[in-house]
**Student:** 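To start, I am sharing the structure in question, which I have written as structure tokens.
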Amino acid sequence: YSFFEGRPTWPEYHRDLTYAFLPDNELSNTTKEVFTRAFERWAAVTTLTFTETDSYYEADLKVAFYTGDHGDGEPFDGVLGTLAHAFSPTSGRFHLDGAETWVAEGDVTKSSTSSAIDLESVAVHEIGHLLGLGHSSVEEAIMYPTISAKTRKVELASDDIQGIQELYGANSNYTTPPSSSSPNSHQENTSNGGDH
Amino acid sequence: RIHPNISPTPPWQVPNDTAKGAWDSFKNFTGCRPGQKSDGLSKLKDYFKNFGYIPDSQHNFTDDFDDELESAIKTYQKNFNLNVTGELDDKTIENLMKSRCGNADIVNGTSTMNSGKPASSNSSLNFHAVRH
């Protein structure tokens, strides 16, 4: 794991964070639930909490789908290529490329579209950035920078957990998994049918 | 473009599936080595600049496989645990073509990734060779 330059974090007095979706995107509840699950994965291992709010402009974390140049100097490039980006604490901006074929539900590995991208996988990664993690060289880690189409990878790896707990401490309910677990267990290539 | 449950999506609702990925053209550079020139190589330099492997101060890239590109490739290969050859071998090209997060891997010349460390060295399971 790694951190952004200067190791920015959400301040100690501000660890209960709110998130909201750009109203113009008119996301369905199914899509919003994907992000909720992604936030919960990080909340489960840290002292942070995440609550959805309707007030986009007052939310700590702002989720928005854009295409092409959207004004932050990091234009999106159409299908595949760059999928999303997120800013370090305490910016809270989380942008996804609206040109991608995002899959919010169902088994992405069986998608009939060769460019299908699993939304939750990307959401878990970008939330890591919002919280202060940089990229990791550990291929099993969520914070590894690349993800292939039709792939699902949503489980935090020990590398991700060690990194985020170094920044915020551990959730009191979190227990370290047994060391015998295979690194491959972090890669999930099956349906996201509510087993998490 | 958000598909709830993509499997049963009717073909007419699936976007143009023949669309090329943004970096598919990099495949043409497979086997390209230092000292060579290849049409469009400047786009690969743009890629490396975008993700921090070439300094922001560099502009107007040529299609020459120069020292700067070789250095960028070597750092990239370290970050992604590839063989550090400085050449655009199959594995490196394959990795470059993958979709990815837009955040840079290197900020202000400092790699935010654990350059070149094999995955096992980051694991808490790596306890052998303890010296007393």
Side-chain angles (χ1 to χ4, degrees), chain A residues 1-5 27-28 30-31 65 74 76-87 95 97-108 110-117 119 122 125-126 129 134-141 143-149 158-159 162 176 179 183, chain B residues 1-11 13-26 47 50-52 76-82 94-127:
Chain A
Y1 57 88
S2 69
F3 306 120
F4 287 99
E5 195 179 18
L27 300 181
S28 67
T30 301
T31 303
F65 286 82
E74 302 290 341
F76 285 129
D77 52 9
V79 178
L80 299 179
T82 298
L83 304 173
H85 54 231
F87 292 71
H95 300 163
D97 188 347
E100 307 299 345
T101 307
W102 294 108
V103 176
E105 193 177 44
D107 188 348
V108 72
K110 294 194 174 109
S111 168
S112 54
T113 310
S114 61
S115 58
I117 299 291
L119 181 59
V122 175
H125 176 99
E126 298 303 332
H129 287 317
H135 285 152
S136 170
S137 286
V138 179
E139 195 168 354
E140 294 78 23
M143 297 314 293
Y144 192 72
T146 64
I147 185 164
S148 300
S158 58
D159 182 71
Q162 286 169 29
T176 309
S179 59
Chain B
R1 297 293 293 275
I2 301 174
H3 296 263
N5 203 351
I6 187 115
S7 299
T9 303
Q13 284 187 12
V14 176
N16 181 9
D17 200 28
T18 59
K20 295 271 185 193
W23 301 315
D24 278 13
S25 63
F26 291 169
Y47 174 101
N50 198 29
F51 294 110
Y76 180 88
Q77 289 168 330
K78 281 182 195 168
N79 277 348
F80 286 86
N81 304 312
L82 299 163
E94 193 182 307
N95 212 67
L96 284 165
M97 287 166 54
K98 282 184 185 170
S99 50
R100 58 163 291 158
C101 170
N103 286 36
D105 301 332
I106 298 174
V107 179
N108 294 334
T110 306
S111 177
T112 63
M113 296 172 72
N114 299 326
S115 299
K117 285 185 191 168
S120 60
S121 72
N122 291 302
S123 167
S124 58
L125 308 177
N126 195 23
F127 284 125

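Only this structure's heavy atoms are used, side chains among them; waters, hydrogens and symmetry mates stay out. Each chain gets a letter, A, B and so on, in the order its sequence line appears, and its residues count up from 1.
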**Student:** What distance do T146(A) atom OG1 and F80(B) atom CZ have between them, rounded to the nearest 0.5 Å?
**Tutor:** 5.5 Å
**Student:** Between Y144(A) and N79(B), is a side chain to side chain contact (heavy atoms under 4.5 Å, CB included) present by the stated rule, with each step listed?
**Tutor:** CA-CA 10 Å; Y144(A) 192 72; N79(B) 277 348; over 6 Å; no
**Student:** Which region of S148(A), side chain (C-beta onward) or backbone (N, CA, C, O), has a non-hydrogen atom less than 4.5 Å from a non-hydrogen atom of chain B, or is it both or neither?
**Tutor:** both
**Student:** In terms of heavy-atom proximity below 4.5 Å to chain B, should F76(A) be classed as side chain, backbone, both, or neither?
**Tutor:** neither
**Student:** If we ignore hydrogens and angles and just use 3.5 Å, is the side chain of D105(B) paired with the main-chain N or O of P145(A) as donor and acceptor?
**Tutor:** no
**Student:** Any idea which heavy atoms bring T82(A) and W23(B) closest together, and the distance?
**Tutor:** N-CH2, 3.5 Å
**Student:** Would you indicate whether the side-chain heavy atoms of N103(B) and E126(A) approach each other to under 4.5 Å?
**Tutor:** yes
**Student:** Could you tell me the separation between the CD1 atom of I106(B) and the NE2 atom of H135(A), rounded to the nearest 0.5 Å?
**Tutor:** 11.5 Å
**Student:** Donor-acceptor check, side chain of S99(B) to backbone of G81(A), threshold 3.5 angstrom: yes or no?
**Tutor:** no
**Student:** Within the side chain of N81(B), is there an N or O that forms a donor-acceptor pair under 3.5 Å with the backbone of S137(A)?
**Tutor:** yes
**Student:** Give, for atom SG of C101(B) and atom NE2 of H85(A), the distance between the pair rounded to the nearest 0.5 Å.
**Tutor:** 9.0 Å
**Student:** Calculate, to the nearest 0.5 Å, the distance between atoms CE and CG belonging to M97(B) and L80(A) respectively.
**Tutor:** 10.0 Å
**Student:** Need one label for Y47(B): side chain, backbone, both or neither, based on atoms under 4.5 Å from any heavy atom in chain A.
**Tutor:** neither
